[in-house]
Amino acid sequence: MMDFTILAKGIALAGCAIGAGLALIAGIGPGIGEGNAVAKALEAIGRQPECKGDVTSTMLMGCAIAETTGIYGFVTGLLLIFVAPNMFMNLLV
């Protein structure tokens with residue numbers, strides 16, 4: 001007879017690892033978005049230098065809000081790597 005608890009533990013750990021990898025991919029979007037925002041802000045400042053303060057403050061606020069999605073993905077990935085496997089193992093015992 002095969003012990004299915006070992007198989008269940010392996011599946012749970014594999015699911016956590018795959019989920020963590022997918023969650024950490026969430027950092028790509030904010031990086032691309034913030035790069036585009038900074039590029040457009042620099043373009044706007046280059047065209048009208050007198051509006052530098054307004055453009056810079058708006059850009060920084062937008063970048064801060066966009067960065068939260070990357071942080072949520074990072075925290076989710078860390079939880080799936082370090083916290084979730086122990087919880088699943090305790091449920092299977």
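Quick caveat, the model's predicted, so the values are computed rather than measured.
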ILVMFWY cluster, Ile65 and Met59 together (side-chain gap under 4.5 Å): no
Which pair of heavy atoms, one from Gly70 and one from Pro30, lies closest together, and at what distance? N-CG, 3.5 Å
Give me the atom names and distance for the closest heavy-atom approach of Ala37 to Cys63. CB-SG, 4.4 Å
For the hydrophobic clusters of this structure (ILVMFWY residues joined by side-chain heavy atoms under 4.5 Å, transitively), does one cluster hold both Val83 and Val75? yes
Can you tell me if Met89 has over 12 outside heavy atoms packed within less than 6.0 Å of its CE? yes
I need the minimum non-hydrogen distance between Ala44 and Cys51, along with the two atoms involved. O-SG, 4.5 Å
Spell out, yes or no, whether Leu80 and Phe74 are grouped together once hydrophobic residues are joined by side-chain heavy atoms under 4.5 Å, including indirect joins. no
Sub-3.5 Å donor-acceptor pair from the side chain of Thr58 to the main-chain atoms of Val55, do we have one? no
Taken to the nearest 0.5 Å, the spacing of Lys52 NZ from Leu42 CG works out to 10.0 Å
Inter-residue atom distance Lys40.NZ - Ile45.CD1, 0.5 Å rounding: 14.0 Å
Co-membership, hydrophobic cluster, residues Leu22 and Leu79, 4.5 Å side-chain: no
Nearest non-hydrogen partners of Ala26 and Gly73, listed with the distance: CB-CA, 4.1 Å
I'd like to know if Ile28 and Leu78 are part of one continuous hydrophobic network [Ile/Leu/Val/Met/Phe/Trp/Tyr, side-chain heavy atoms within less than 4.5 Å]. no
